[in-house]
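Just below is one structure, and these are the notes that go with it.
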Amino acid sequence: LYLQITQGLDAFETGLRMLPMSVAMMVVSMSGPALQRQASARALIRCGFLVLAVGAVLLVATVRPQLDDRLFFVAMAVLGVGMGLLASQLGNVVQSSVGERDRSEVGGLQYTAQNLGSAVGTALAGSILIAALGSAFATGIAADERISPAVSEAAAVEIRAGIDFVAAADVASGLERTDLPASEQVAIVERYEDSQLRGLKTAVVSMAGLSLLALFATGALPSRRRSAESDDSRRRSSAS
């Protein structure tokens, strides 16, 4: 939403700016076995949630009228590291908690839970975004002296009926078809642009809060780190 609607980037440009997250996630995920010899799965997963929260805070700092490519690159990379830490451990923790006979069923449950969480999380973040956008837009219009009380009241009614996250250019185009003065149209578009950023920041902060909340669900995870000797014994057992 931020890159394509607020900044007006196309799909290719958006993908390039989100590439650091995918690369960092892949690199950290591949280092899972080495990380497990340095720390327990519980510690690594908790670290992953903390890194995700830090990445979300950094991402909030990048939500500006003008995109800061360097800061956005860092935020995406940090988010990738956090997701890589989780991805490198969760599958192993789940699979090693049951016998070989039950691993296919447990794996299915794991991916079902992940997909469900992704769907619910996306819906939750979207709901928070739209609610924050509508609230900020209504408040901004009411506080702007350039906008008449009649227009402010009419806008509040429309916002309560429902609001969409659209490009500011679309808002300006729609206002051009009305008989509002040009100065009032400009003020409304400015308030909408500001409300977009506020809504995005609120949604991202809420996701950072969920990452921290998830720390309380990690108490039952394995607290022992994997030793090199145990890795050797597993390889010998597999070879035999």
(request) Return yes if some donor-acceptor pair links the side-chain N/O of S135 with the main-chain N/O of A132 below 3.5 Å, else return no. (result) no
(message) With rounding to the nearest 0.5 angstrom, report the CD1 to OG1 distance, I45 to T218.
(response) 8.0 Å
(request) Examine L200 and F72 and state if one hydrophobic cluster contains both, with Ile, Leu, Val, Met, Phe, Trp and Tyr joined whenever side-chain heavy atoms are less than 4.5 Å apart. (result) yes
(request) For R46, enumerate each residue passing the salt bridge (charged side-chain N to carboxylate O under 4.0 Å, His left out) test, keeping only those at least two apart in sequence or located in another chain. (result) none
(message) Rounded to the nearest 0.5 Å, what separates atom OG1 in T178 from atom CD1 in I188?
(response) 7.0 Å
(message) Let's go through L221 and Q89 carefully: what are the C-alpha distance in whole Å and the side-chain angles of both, what is the deciding distance for side chain to side chain contact (heavy atoms under 4.5 Å, CB included) to 0.1 Å, and is it a yes or a no?
(response) CA-CA 10 Å; L221 293 172; Q89 304 302 316; over 6 Å; no
(message) So which atom in I5 and which in V166 form the shortest heavy-atom distance, rounded to 0.1 Å?
(response) CG2-C, 3.5 Å
(message) Closer than 3.5 angstrom, by distance alone: can the side chain of S31 be matched with the main-chain N or O of A34 as a donor-acceptor pair?
(response) no
(message) Using only atom types and a distance under 3.5 Å, with no angle test, would you say the side chain of R42 pairs donor to acceptor with the backbone of G219?
(response) yes
(request) Could you tell me which non-hydrogen atom of R17 sits nearest to which non-hydrogen atom of L9, and how far apart they are? (result) CD-CD1, 3.5 Å
(request) For T139 and A136, indicate whether the former's side chain and the latter's backbone hold a donor-acceptor pair under 3.5 Å. (result) no
(message) Testing the basics here: between E184 and S148, what is the closest heavy-atom pair and its distance to 0.1 Å?
(response) OE2-N, 2.8 Å
(message) I'd like to know whether CZ of F73 has more than 12 heavy-atom contacts from other residues, nucleotides or ligands below 6.0 angstrom.
(response) no
(request) Report yes if some heavy atom in the side chain of L50 is under 4.5 Å from a heavy atom in the side chain of L212; otherwise report no. (result) yes
(message) Please tell me whether V81 and L44 are part of a single hydrophobic cluster in this structure, the criterion being side-chain heavy atoms less than 4.5 Å apart.
(response) yes
(message) For S88 versus V28, what's the shortest heavy-atom pair and its separation?
(response) CB-O, 4.0 Å
(message) For residues V78 and M25: do they belong to one hydrophobic cluster (side chain heavy atoms under 4.5 Å, members Ile, Leu, Val, Met, Phe, Trp, Tyr)?
(response) no
With a cut-off of 3.5 Å and sequence neighbours excluded, list every side-chain donor-acceptor pair involving residues 105-128.
from	atom 1	to	atom 2	distance (Å)
T112	OG1	G108	O	2.8
N115	ND2	Y111	O	3.1
T122	OG1	S118	O	2.8
S127	OG	A123	O	2.9

(message) Return the CD1 to CD1 distance between I130 and I159, rounded to the nearest 0.5 Å.
(response) 11.5 Å
(message) Quick check: is L215 connected to V93 through a chain of hydrophobic side chains (ILVMFWY, heavy atoms under 4.5 Å apart)?
(response) yes
Under 3.5 Å, sequence neighbours excluded: what are the donor-acceptor pairs made by side chains of residues 202-211?
from	atom 1	to	atom 2	distance (Å)
T202	OG1	R198	O	2.8
S206	OG	A203	O	2.5
S211	OG	M207	O	3.2

(request) Kindly write out the residues that satisfy salt bridge (charged side-chain N to carboxylate O under 4.0 Å, His left out) with E190, not counting sequence neighbours, or none if the list is empty. (result) R146
(request) Output the distance between atom CG (L79) and atom CE (M21), rounded to the nearest 0.5 Å. (result) 7.0 Å
(request) Search all heavy atoms of I141 against all heavy atoms of A155 and return the closest pair with its distance. (result) CD1-CB, 3.9 Å
(request) Specify the closest pair of heavy atoms between L85 and C47, including all atoms of both residues, with the distance to one decimal. (result) CD1-SG, 3.9 Å
(request) Could you grab the distance from atom CD of E100 to atom CD of Q95, nearest 0.5 Å is fine? (result) 10.0 Å
(request) Return the orientation label for the Y192 and F137 ring planes: parallel under 30°, perpendicular over 60°, tilted otherwise. (result) perpendicular
Show me the donor-acceptor pairs within less than 3.5 Å that the side chains of residues 54-67 make with the rest of the protein, sequence neighbours left out.
from	atom 1	to	atom 2	distance (Å)
T62	OG1	L59	O	2.6
R64	NE	A61	O	2.9
R64	NH1	D68	OD2	3.4

(message) Once salt bridge (charged side-chain N to carboxylate O under 4.0 Å, His left out) is applied, do any residues pair with D170, and if so which ones, sequence neighbours excluded?
(response) none
(message) A side-chain contact here means heavy atoms from C-beta on lying under 4.5 Å apart; do T6 and F165 qualify?
(response) yes
(request) Check whether M76 and Y2 end up in the same hydrophobic cluster, where Ile, Leu, Val, Met, Phe, Trp and Tyr are linked by side-chain heavy atoms less than 4.5 Å apart. (result) yes
(request) Show your reasoning for whether side-chain hydrogen bond (donor to acceptor under 3.5 Å, both in side chains) applies to E176 and Q185. (result) CA-CA 8 Å; E176 289 176 355; Q185 294 182 24; over 6 Å; no
(message) So, taking the atom named OG in S183 and the one named CD1 in I147, what distance separates them when rounded to the nearest 0.5 Å?
(response) 9.5 Å
